[in-house]
Amino acid sequence: MIFKYIQEPVLGALLRSRDSLIYLNRSIDQMGWRLPPRTKPYWWLYYIWTVVVIVLVFIFIPYGLIMTGIKEFKNFTTTDLFTYVQVPVNTNASIMKGIIVLFMRRRFSTAQKMMDAMDIRCTKMEEKVQVHRAAALCNRVVVIYHCIYFGYLSMALMGALVIGKTPFCLYNPLVNPVEHFYLATAIESITMVGIILANLILDVYPIIYVVILRIHMELLSERIKKLRTDVEKGDDQHYAELVDCVKDHKLIVEYGNTLRPMISATMFIQLLSVGLLLGLAAVSMQFYNTVMERFVSGVYTIAILSQTFPFCYVCEQLSSDCESLTNTLFHSKWIGAERRYRTTMLYFIHNVQQSILFTAGGIFPICLNTNIKMAKFAFSVVTIVNEMDLAEKLRRE
């Protein structure tokens, strides 16, 4: 079945939390970022593929962009200039994020083990169905991002073929784009697939991991609502259920702490670059003469917004979930319980009040308000260009 990991829940084939990463892990495997153990047959082929991808993405593309600026800058038209300026900003941001994730990639396996531990507590069918739906949603998000990012690459390639210029102005020392236009365009597009796929991985992984965190927060909230509601259970059983909830919350917090350093560093870079990228995309609209160029720029703008807005929205929802969990715990049936139950409950309430928050670089919170503030920088870029009358000056030149 095509896309079987995004289907509605079916008894006997329910997904686990770990299954939310199936499509993402396939993309990571394609990038060569998950090295197999050397006990597997032909492991060395994958190691060679990893080296090839790293050379193309982290060495050849930056080199090509630098050499383009050195050798071809004086020949740029206004359209070429703004196409060229956008690519290094996004590419360098992706490379920095990729390096961070590669150094911290062990945190992925740790988080996945915690997912399995959280799934053990999902014993009821309705809980397993909720986990399945969350996992299917995460896989659906990966498919949507593939459509957006590679849709942009397809549009850029089509625009390049219509206009007669290579799509990303990437310098190639082996092929002259004037003499061998189609070959140069093909090589450039294939090379840029690597950076686009890396961008996709780096933009999607925070969403998936935090969506799974949210679903287990919701399941914990449901368990808390049922505390001391079964009159047939004794005080020892009620207390054991409360202790299990405390352990669940502790595991969720540890899960968030495992991912926080990686998410904090990558989102800090992304939020700083998104305003500049949106500004450059808005300014470039003023110079594009054809409908195809403007359409490609519009698709590119959607891709830029996809890099930060969805995750900021998920973090906003997570903050609401933490507040809701505190209220649910406070309004549970703990008044009138035995002393040890009340003491543990007060300790639990105190810990739950400390929200699970993600910050960008430990400086500003990741939320919709922050995303909007960063996006407003795009208007500043447009204003600077208009006030300095750069558009008219560049047109005259």
Side-chain angles (χ1 to χ4, degrees), residues 20-21 24 89-90 92-112 114-115 118 134 138 141 145 198-218 220-221 249-278 304-327 350-378 380:
S20 63
L21 302 165
L24 177 64
V89 174
N90 207 353
N92 291 328
S94 299
I95 290 172
M96 287 189 287
K97 292 189 297 180
I99 292 172
I100 291 169
V101 169
L102 285 175
F103 276 107
M104 296 187 180
R105 66 183 184 277
R106 294 183 183 275
R107 292 179 180 270
F108 285 142
S109 58
T110 303
Q112 289 169 28
M114 292 181 178
M115 286 182 182
M118 290 188 288
C138 292
V141 167
Y145 268 74
N199 246 328
L200 186 149
I201 294 168
L202 297 168
D203 296 337
V204 167
Y205 88 85
I207 300 174
I208 293 178
Y209 279 97
V210 175
V211 165
I212 294 301
L213 189 153
R214 283 196 62 216
I215 191 63
H216 284 286
M217 286 275 288
E218 292 176 12
L220 174 59
S221 181
H249 182 259
K250 181 181 178 182
L251 182 59
I252 291 172
V253 171
E254 290 176 355
Y255 174 85
N257 291 339
T258 300
L259 298 169
R260 184 172 288 109
M262 189 160 48
I263 291 176
S264 175
T266 55
M267 286 304 298
F268 178 72
I269 296 170
Q270 192 57 59
L271 285 169
L272 289 181
S273 63
V274 68
L276 180 58
L277 290 169
L278 286 174
I304 295 171
L305 292 173
S306 301
Q307 291 181 324
T308 55
F309 175 77
F311 183 63
C312 288
Y313 175 77
V314 171
C315 285
E316 192 85 23
Q317 295 296 106
L318 177 62
S319 178
S320 299
D321 291 340
C322 291
E323 184 177 348
S324 176
L325 183 65
T326 303
N327 294 332
H350 173 73
N351 287 338
V352 168
Q353 287 176 334
Q354 301 174 9
S355 298
I356 302 173
L357 298 177
F358 293 95
T359 58
I363 299 174
F364 40 84
I366 301 174
C367 59
L368 288 177
N369 188 38
T370 300
N371 190 55
I372 292 171
K373 288 179 180 178
M374 294 300 172
K376 284 181 179 178
F377 182 65
S380 302

I need the minimum non-hydrogen distance between [X] and [Y], along with the two atoms involved.
X    : Y    : answer
L202 : G98  : CD1-N, 3.6 Å
K97  : T266 : CD-O, 3.4 Å
R214 : V314 : CD-O, 3.9 Å
L368 : E316 : N-OE1, 3.1 Å
G361 : F268 : N-CB, 3.5 Å
H249 : N351 : CE1-O, 3.9 Å

Looking only at atom types and distance, does a side-chain atom of [X] sit under 3.5 Å from a main-chain N or O of [Y], one as donor and one as acceptor?
X    : Y    : answer
S324 : S320 : no
R107 : L259 : no
S94  : N90  : yes

Once you round to the nearest 0.5 Å, how far does [atom1] of [X] lie from [atom2] of [Y]?
X    : Y    : atom1 : atom2 : value
L318 : C322 : CG    : SG    : 4.5 Å
I304 : L278 : CD1   : CG    : 5.0 Å
T308 : N371 : OG1   : CG    : 3.5 Å
E323 : Q353 : CD    : CD    : 11.0 Å
N199 : Y145 : CG    : OH    : 10.5 Å
L357 : S264 : CG    : OG    : 12.0 Å

With side chains defined as the heavy atoms from C-beta onward, is the minimum distance between [X] and [Y] less than 4.5 Å?
X    : Y    : value
Q307 : L277 : yes
I356 : N257 : no
I366 : I263 : yes
C138 : I212 : yes
V211 : I215 : no
T359 : F364 : no

Next item on the list: Just do the side chain to side chain contact (heavy atoms under 4.5 Å, CB included) check on F311 and D203 with the steps written out, would you?
Entry: CA-CA 8 Å; F311 183 63; D203 296 337; over 6 Å; no

Next item on the list: Before giving the answer on side chain to side chain contact (heavy atoms under 4.5 Å, CB included), spell out for L21 and Y209 the whole-Å C-alpha distance, their side-chain angles and the decisive distance to 0.1 Å.
Entry: CA-CA 9 Å; L21 302 165; Y209 279 97; 3.6 Å; yes

Notebook entry, point to check: Side chains of T110 and Y255: do they bring a donor and an acceptor to under 3.5 Å?
Noted result: no

Notebook entry, point to check: Between C312 and L271, is a side chain to side chain contact (heavy atoms under 4.5 Å, CB included) present by the stated rule, with each step listed?
Noted result: CA-CA 10 Å; C312 288; L271 285 169; 4.3 Å; yes

Checklist line | Derivation of the side chain to side chain contact (heavy atoms under 4.5 Å, CB included) call for M267 and F358 | finding: CA-CA 10 Å; M267 286 304 298; F358 293 95; over 6 Å; no

